[in-house]
Amino acid sequence: MKFITKSLVRCAPRLGVLKDIDNEHSLSIETPLAMLYTRGGSIPHITHEVYQICCKDPQIIQIPVVSTYQFQDAMEEYDGSISEFVGMKSCISCVTVQDPGDLTQPGHHYKDYVPLWTRSGKILLNSDKYMDIIESFKPDMYYLLSDGDTNVASAQKRVTKAVDNTIHFVNKCLERHKNSTILQNAFVMAPITGGYCLRSRKRCLDELKSKELIDGFLIDGLHNNGPEVEFLTFDEIKDVIDLVVKDAPDNKLLSVQGCWNPVTIIKMVQKGIDVFDTSYCYIVTERSSALTFSMDKDSNLQGYEINLRQLRYADDFQPILPGCECLTCTKHSRGYIYHLVAVQELLGSLLLTIHNIHHFMKFFEKIRHCIAEGTLSELEKLVAEQFDEYQDEIMQGKEKKLNDENEARECLRLRNHPTLEILIRKRKVGVAIVNKAVLQDQGILMSSCDC
Amino acid sequence: MSDAANPLVFKIISECKTTRARVGKMNLPHGEVDTPVFMPVGTQGTLKGLLPEQLQKLGVQIILSNTYHLGTHPGPDILEKAGGLHKFMGWNGCLLTDSGGFQMVSLLKLAEITEEGVKFQSLNDQKSEVMLTPEHSIKIQNTIGADIIMQLDDVVKTTNPDKERIEQSVHRTTRWLDRCLKAHGKPNIQNIFPIVQGTLFKDLRKLSAEDLVQRKVKGYAIGGLSGGESKLNFSEIVHYTAPLLPKEKPRYLMGVGFAIDIIICCAMGIDMFDCVFPTRTARFGCALIMTGQLNLKQKQYKKDFNPIDKDCSCSTCKNYTRAYLHGIVTMHPVACHLLTVHNIAFQQRLMKSIRESITEQRFPEFVKIFVNGLYPQRDYPKWVTKALTSVNINLAD
């Protein structure tokens, strides 16, 4: 598999294409793109049969090792690749380490190992164990092992360690890759870690950028995954993204992982990031919501998102998003989905997933279109307006005012609606204090960051 | 299609020469149903995680929904506004709804049955007492709009020995049927089926059936079975009751869904079945096969790269191995969807095999092959041997 982009301008949005895919020579996939997020190898709720009803274009599925680790024994004896094993033969597979949809528990490090919190408990991975898994999975594309356990509040000691570990892992994994016949044609993505410390990021990138066999880079270590990533703002990550994009070698695929909101995604695309994932659709579905933001100035604005738990949809027999061509919107109503969600029937999440993924894929299509037309800033403005308005609406619905760190902590204890609480903390208390409070509360913060 | 004045046309296409089994076609307002038929249960207006498209692809012609659940959520008002359950859930095939009475008695501890109806404590309101009358049940079922609707019946557990109480339930069920028929607002597009009661007493079953067949209805159900009685008792009552019902009308045996039970009851002349078993067992990680079931949680499947059943053509068997399913069952909802598809495909295939073997006059052979697959040591349970003997199939041959 090859990545080709004609754009030579740095820190600018770019169109590219992935092609010459093993066994699928006629296939090509355009970037920027979102890989389909999976858990245990399947898109949450979506079977192969439903996938075929809903998805016509070729896609990449993102397979986190943390939720597929249990397949290793079977995969060692299985003839096919991981995408075949999980019933998605027609998809390109991309194996990643952690699950972007779930909070990755921080800490618990051991020298030369990355802790993996699987369903059956903690598993320690080193380069060899990881590469054993990769070789048994036979993916089309994979991320090399990395220590991405850093976030905005990480202490320098942890950041330094993360970079040391990552460089060590990458070197070891590349050695294995070089000698592996199975992985000969696999597309290799190297992680760049270093938290929010630019010096560390640069050290990691300098160390890895000239290595052979690397086809792209993952900007890892920006967060610990899970729903909170939605509320990381671009301002917070901008410097790190800039640095990597400026210094990365030409023609390498650039990716980030996590539940980023569409506004932040557009901003990252504007810096030249090529690959994202649909874990955002998963967390939106988990809160029983449907994405309804408009990507077209002339269309009717429906609002950023609707929550199908709200009573007002009980007798609303319109589709989630009038005009949307997804299976959910063409066949089912808000009222029906409200009912399914209210009685906790699985079909509710399934219908929401179909819509949310469809909407998100349309969004990426629109991004590519806007890059070609040079209108990405307008799209950004349109989506940002809707996103901000929706956040304000939620804010107004909440009376509680938070002024200091203690109250932020209090709020943390009331984690009935995590994203809402995070949002309030961010807006009212300021990002830095809140992140510190949150992380201290979780026992993550060891000492203040002096980078 | 059934015509406007006649919402159910039942035609017997072929009959087994040895047993009482028959193949029929039932035309209902929402389409044709091939009998004998198994109706999967979609309790709350959805068949456990499956899209209507998937049901159609599986060849499902009719599904069952529960009036009690739908009456609680989304409730009759919403269903009325939606234009009935078919439109609400996007299902164009046929539907059957139960009366809600069974759930009242089984789910609610405090239910009390009086001549007026079933009195129970509402789950919705401030525990106020609510009465479900025959009229009320039919009104909700009229709103739901299923092709076949069930009368409210007075169900007594088969394990209850109080004959006086059972006799009362038989008479009350007939009185309630008359109230249901009187309250029925859409006789041109919905069919009410009466329910034969009488638990394990043949004389009471006879009494019940004789009362009910005098009413002008299009089909009949046998109720109050599959509730904890022995298989011997169960099969004996089915064998006794089925011929009490008119031959030219469909007979529905409520709550039966195990493959062996279905086959035996088909041999006794039953045309319709329903059960939560295939979909419920899927959620626990069990896949149905002709010789029993696989519990995919078991370690032995960890490296088993076969499909659940190589003879099954469902989308699960075409795309997934036992090893993968083993890795995700009871962990990810998608596993439940995959097994539900397979288990419904299994029931569909079973019913199709039954129909074809009857049509081709080889039903007794089919039954023998099936039973020998299930009991390869030939250690048939007594009830199976006895039940089959009663319909002229001798397993010893």
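Each chain gets a letter, A, B and so on, in the order the sequences are listed, and its residues count up from 1.
- Around atom CG of A:Asp128, more than 12 heavy atoms belonging to other residues, nucleotides or ligands sit under 6.0 Å away.
- The OG1 atom of B:Thr46 lies 7.5 Å from the NE2 atom of A:His339; values are rounded to the nearest 0.5 Å.
- The local environment of NE2 in B:His136 is sparse, with at most 12 non-hydrogen atoms from other residues, nucleotides or ligands closer than 6.0 Å.
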#### Entry: Test log, rule side chain to side chain contact (heavy atoms under 4.5 Å, CB included), inputs A:Leu346 and B:Lys48
CA-CA 7 Å; A:Leu346 292 174; B:Lys48 296 298 167 196; over 6 Å; no
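- Summarising the geometry of A:Ser42 relative to B:Tyr324, their closest heavy-atom pair is OG-OH, 2.7 Å, with the distance given to 0.1 Å.
- Heavy-atom distances place the side chain of B:Tyr320, and not its backbone, under 4.5 Å from chain A.
- With a threshold of 4.5 angstrom between heavy atoms, A:Arg119 approaches chain B through side-chain atoms but not through N, CA, C or O.
- Contact of A:Tyr78 with chain B is made through backbone and side chain together, with heavy-atom distances under 4.5 Å.
- To the nearest 0.5 Å, the span separating CG on B:Leu50 from CG on A:Leu347 amounts to 8.0 Å.
- Note that CD of A:Glu345 and NE2 of B:His73 are 12.0 Å apart. Values are rounded to the nearest 0.5 Å.
- Nearest approach of A:Gly40 to B:His332, heavy atoms of both residues: CA-NE2, 3.7 Å.
- Only the side chain of B:Phe305 comes within contact range of chain A, with at least one heavy atom under 4.5 Å from a heavy atom of that chain.
- No part of B:Leu47 comes within reach of chain A, as not one of its non-hydrogen atoms sits under 4.5 angstrom from that chain.
- In terms of heavy-atom pairs under 4.5 Å with chain B, the best-connected choice from A:Val343, A:Leu350, A:Val86 is A:Val86.
- A distance of 12.0 Å separates OG of A:Ser333 from NZ of B:Lys87, quoted to the nearest 0.5 Å.
- With a 4.5 angstrom heavy-atom cutoff, A:Phe85 touches chain B via backbone and side-chain atoms both.
- Looking at A:His332, the atoms closer than 4.5 Å to chain B (heavy atoms on both sides) all sit in the side chain, from C-beta outward.
- Residue A:Asp79 qualifies as open at atom CG: its count of foreign heavy atoms under 6.0 Å is 12 or below.
- Counting heavy-atom neighbours within 6.0 Å of B:Lys310 NZ, excluding the residue itself, gives a total of 12 or less.
- Among the candidates B:Gly90, B:Cys314, B:Ala323, B:Ala335, the residue making the largest number of heavy-atom pairs closer than 4.5 Å to chain A is B:Ala323.
- Two residues are said to be in side-chain contact when any heavy atoms from C-beta on lie closer than 4.5 Å; A:Thr47 and B:Val341 fail this criterion.
- Highest contact tally toward chain A, considering only B:Gln54, B:His69, B:Lys57, is held by B:Gln54 [criterion: heavy-atom pairs under 4.5 Å].
- Ranked by non-hydrogen atom pairs under 4.5 Å with chain B, the options A:Glu84, A:Glu76, A:Gln52, A:Gln70 are led by A:Gln70.
- Heavy atoms of A:Ile53 lying under 4.5 Å from chain B belong exclusively to its side chain.
- A distance of 3.5 Å separates CG of A:Asp315 from NZ of B:Lys81, quoted to the nearest 0.5 Å.
- In this structure, NE2 on B:His337 lies 5.5 Å from NE2 on A:His45, to the nearest 0.5 angstrom.
- For a residue to count as touching a neighbouring chain, one of its non-hydrogen atoms must lie under 4.5 Å from one of that chain's; by this rule B:Lys318 does not touch chain A.
- Heavy atoms of other residues, nucleotides or ligands lying less than 6.0 angstrom from NZ of B:Lys299 number 12 at most.
- Within the 4.5 angstrom heavy-atom criterion, only side-chain atoms of B:Cys336, from C-beta onward, approach chain A.
- Residue B:Phe102 qualifies as open at atom CZ: its count of foreign heavy atoms under 6.0 Å is 12 or below.
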